[in-house]
Amino acid sequence: MRNFLADAAEPAVPVVPVTKETLAAWKASAPGGQAAWAAAANFEGEPGASLSVPGADGAVALVLAGVAKPADIWDMAGLPRSLPERAYAIDDRAGTLAADENAATRLLLGWLLGCYSFDRYKKPSRAAARLAPPAGADVDAAVAEAEATVLIRDLVNTPANDMGPSALAAQARAVAERFGADFTETVGDALLQNGYPAVHAVGRAAADAPRLIELTWGDPKKPTVALVGKGVCFDTGGLDLKAAAGMKLMKKDMGGAAHVLGIAQSLMARKIDAHLKVLIPAVENSVAGNAMRPLDVLQTRADITIEVGNTDAEGRVILADALARAGEHKPELILDFATLTGAARVALGTEVPALFCNDDALAADLLTSAAGVADPLWRMPLWPGYRKLIEGKVADITNSPEGGYGGAITAALFLERFVPAGVPWAHVDLMAWNIASKPGRPEGGEAMGMRAFADMLLRRYGAG
């Protein structure tokens, strides 16, 4: 993302952040022609609005950019793709950012994210405008967060023909190699030999073999944080086949895996003072003669048997083995991400991930970070009264309770069965996709909750 930063010595057009209040102060001190131009354009400093203001020679002298109070990450995110392709620099002559030490970093991050386009198969029609690093901004932090977001978006946007389990493993290996982390994968029938029968059962019908991906980084003497991500690279629904409309976006069903890789990358880039374990069960849920069937009973690493009520509830099945493996590392925290249920989207819509957590202190820290970095989460209950709903008839538990009510909660309760007692755990059920474009957030794959979790972990453990 540093290629979207302008050199500080390069001639740059000033971008002046203003609120409704500071716009008035700017008008009072600006040359009369510029103030009149703003008034004639009815520019009022609304967050996200902008106005190019000419100088006496007719060329653009500055750009007014409306921001909220305090400035929001997305206020200037639309500028890189709307302003002419050249260098710009934030100029706080109106004093809008003076009292907010983190505003410059937020606006820089928003600008970098506004430069994003998924260009693997189709090149963008134009380049993005570049921004000189603003005074007072933590450039390294903004770049690390932007690069982690881009990793997530690119992984989710890549179609399944180029992002199957083996390709996802290759991406994880590349992240590991970049930061000197250890990488291992257990593939195909080796899953059975090494104690991952649930991952094998879900993915065995696909041509691209299922696998358990592990990335390890940091000093093992430090507290261990386990990050677990659902890696269903494409979900047909299995024998309980999805309809066409429901299957169309299923390239994004590995969004949980993308998120834990993005979080790990962000934390490794900032040298978090912790020991990271990243676990990704990577599969395709396909249809073939050896696919798992409704009412099959599956074994798991935790010796908890699963009755398959529906083959389209496969994400929680593969996470069962990965969560059990995470617990074996004696972590201080287990955090998992998954594009798990439509029920969570019905409850909270597409933009707010559902947070389930068995530890009030951890939940409070996550919600504090979510509010602080404008990366929303909403806590939902691990309602114990619904545990009876996941009881199996011929196995310990079922992956698809009868009735369908409280589907996000019962899915979370299912996962909770595989978390060791006493270990703080958080589970995020998310969309990982923007259904429509907004400034800095194009339609397609999206990081949701990534910045909140990274902020919480950095506040807890610090940077080395």
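Please read these numbers as outputs of a predicted model, since none were measured by experiment. Residue numbers count from 1 along this sequence.
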Participant: What are the two closest heavy atoms between A412 and L382, and how far apart are they?
Facilitator: CB-CD2, 3.7 Å
Participant: Got a sec: does the NZ of K222 have more than 12 other heavy atoms crowding it under 6.0 Å?
Facilitator: no
Participant: Would you mind telling me which of K252, M250, M254, M448 makes a side chain to side chain contact (heavy atoms under 4.5 Å, CB included) with T339?
Facilitator: K252
Participant: Evaluate the side-chain proximity of L108 to L5: yes if any heavy-atom separation is below 4.5 Å, no if none is.
Facilitator: yes
Participant: Is there a side-chain contact between E214 and V278 in this structure, where contact means two heavy atoms from C-beta onward sitting under 4.5 Å apart?
Facilitator: no
Participant: ring-ring contact (aromatic ring centres under 6.0 Å, His included): which pairs involve residues 273-294, sequence neighbours left out?
Facilitator: none
Participant: Sequence neighbours left out, what pairs pass ring-ring contact (aromatic ring centres under 6.0 Å, His included) with at least one residue falling in residues 294-347?
Facilitator: H259-F337, F337-F453
Participant: Take atom CZ in F118; do more than 12 heavy atoms of anything else shown fall under 6.0 Å from it?
Facilitator: yes
Participant: Report the residues that fulfil ring-ring contact (aromatic ring centres under 6.0 Å, His included) with Y116, sequence neighbours left out, ordered by chain and then residue number.
Facilitator: none
Participant: For I435, does the CD1 atom sit with more than 12 other heavy atoms under 6.0 Å from it, leaving out its own atoms?
Facilitator: no
Participant: Run the salt-bridge test on R106 and D72 with the 4.0 Å N-O cut-off and return the result as yes or no.
Facilitator: no
Participant: Run the salt-bridge test on D7 and R130 with the 4.0 Å N-O cut-off and return the result as yes or no.
Facilitator: no
Participant: Judged by modelled atom types alone, do D429 and T341 share a side-chain donor-acceptor pair under 3.5 Å?
Facilitator: yes
Participant: So which atom in V352 and which in L377 form the shortest heavy-atom distance, rounded to 0.1 Å?
Facilitator: CG1-C, 4.2 Å
Participant: T236 side chain to G238 main-chain N or O, any donor-acceptor pair under 3.5 Å?
Facilitator: yes
Participant: Would you tell me whether D138 and T105 have side-chain atoms, one donor and one acceptor, within less than 3.5 Å of each other?
Facilitator: no
Participant: For a side chain to side chain contact (heavy atoms under 4.5 Å, CB included) with D253, tell me which candidate from N285, D235, V283 qualifies.
Facilitator: D235
Participant: Which atoms form the tightest heavy-atom contact between C233 and E284, and what is the distance?
Facilitator: CB-CG, 4.2 Å
Participant: Identify which one of L413, I409, T410 satisfies the side chain to side chain contact (heavy atoms under 4.5 Å, CB included) criterion when paired with W383.
Facilitator: I409
Participant: Could you pull out every donor-acceptor pair under 3.5 Å between side chains of residues 163-183 and any protein atom, sequence neighbours left out?
Facilitator:
residue : atom : partner : partner atom : Å
S166    : OG   : D208    : OD1          : 3.2
S166    : OG   : D208    : OD2          : 3.0
R178    : NH2  : E147    : OE1          : 3.0

Participant: Side chains of T186 and N194: donor-acceptor distance under 3.5 Å anywhere?
Facilitator: no
Participant: Quick one: list whatever passes ring-ring contact (aromatic ring centres under 6.0 Å, His included) with Y88, sequence neighbours left out.
Facilitator: none
Participant: For the pair V228 and L319, evaluate side-chain contact (heavy atoms from CB on, under 4.5 Å) and give the outcome as yes or no after the intermediate values.
Facilitator: CA-CA 8 Å; V228 181; L319 287 171; 3.7 Å; yes
Participant: Once ring-ring contact (aromatic ring centres under 6.0 Å, His included) is applied, what residue pairs with a partner in residues 277-314 remain, sequence neighbours excluded?
Facilitator: none
Participant: If you look only at distance, which donor and acceptor atoms sit under 3.5 Å apart when one is on a side chain in residues 454-464 and the other is two or more places apart or in another chain?
Facilitator:
residue : atom : partner : partner atom : Å
D455    : OD2  : S369    : OG           : 2.7
D455    : OD2  : R459    : NE           : 3.2
R459    : NE   : S369    : OG           : 3.2
R459    : NH2  : D365    : O            : 3.0
R459    : NH2  : S369    : OG           : 2.8
R460    : NE   : D365    : OD2          : 3.0
R460    : NH2  : D365    : OD2          : 3.2
Y461    : OH   : E332    : OE2          : 2.6

Participant: Is a side-chain donor or acceptor of D336 paired with a backbone partner of G229 at a separation under 3.5 angstrom?
Facilitator: no
Participant: Should I397 and E307 count as side-chain neighbours, where that means a heavy-atom distance under 4.5 Å?
Facilitator: no
Participant: May I ask you to check if R301 and Y196 form a cation-pi contact, with NZ or CZ under 6.0 angstrom from the six-membered ring centre and within 45° of the axis?
Facilitator: yes
Participant: Using the test side-chain hydrogen bond (donor to acceptor under 3.5 Å, both in side chains), find all partners of D296 that sit at least two apart in sequence or belong to another chain.
Facilitator: R293
Participant: Looking only at atom types and distance, does a side-chain atom of N310 sit under 3.5 Å from a main-chain N or O of D240, one as donor and one as acceptor?
Facilitator: no
Participant: So, W111 side chain and A129 main chain: donor-acceptor pair closer than 3.5 Å or not?
Facilitator: yes
Participant: Run the side-chain hydrogen bond (donor to acceptor under 3.5 Å, both in side chains) test against S82 and tell me which residues pass, sequence neighbours left out.
Facilitator: none
Participant: In a table with atom names and distances, give each donor-acceptor pair under 3.5 Å that connects a side chain of residues 440-447 to protein atoms at least two apart or in another chain.
Facilitator:
residue : atom : partner : partner atom : Å
R441    : NE   : P439    : O            : 3.2
E446    : OE1  : R153    : NE           : 2.9
E446    : OE1  : R153    : NH2          : 3.2
E446    : OE2  : R153    : NH2          : 3.0
E446    : OE2  : N434    : ND2          : 2.9

Participant: Does L241 form a side-chain contact (heavy atoms from CB on, under 4.5 Å) with V287? I'd like the steps, not just the answer.
Facilitator: CA-CA 8 Å; L241 198 67; V287 178; 3.8 Å; yes
Participant: List the residues meeting salt bridge (charged side-chain N to carboxylate O under 4.0 Å, His left out) with R81, not counting sequence neighbours, and say none if there are none.
Facilitator: none
Participant: The criterion is ring-ring contact (aromatic ring centres under 6.0 Å, His included); which residues satisfy it with F356, sequence neighbours excluded?
Facilitator: H427
Participant: Please determine whether a side-chain nitrogen of the Lys or Arg among R325 and E328 lies less than 4.0 Å from a carboxylate oxygen of the Asp or Glu.
Facilitator: yes
Participant: Quick one: does V308's side chain get under 4.5 Å of T398's, heavy atoms only?
Facilitator: no
Participant: Is E145 salt-bridged to R270, cutoff N-O under 4.0 Å?
Facilitator: yes
Participant: State whether R120 and D162 are salt-bridged, where the test is any N-O pair (Lys NZ or Arg NE/NH1/NH2 against Asp/Glu carboxylate O) under 4.0 Å.
Facilitator: yes
Participant: Using every non-hydrogen atom in the two residues, find where A354 and A344 come nearest and quote the distance to one decimal.
Facilitator: CB-CB, 4.2 Å
Participant: Look at the side chain of T300 and the backbone N and O of D321, then say whether any donor-acceptor pair between them is shorter than 3.5 Å.
Facilitator: no
Participant: Could you check whether any side-chain N or O of S266 sits under 3.5 Å from a backbone N or O of I263, counting only pairs where one atom can act as donor and the other as acceptor?
Facilitator: no
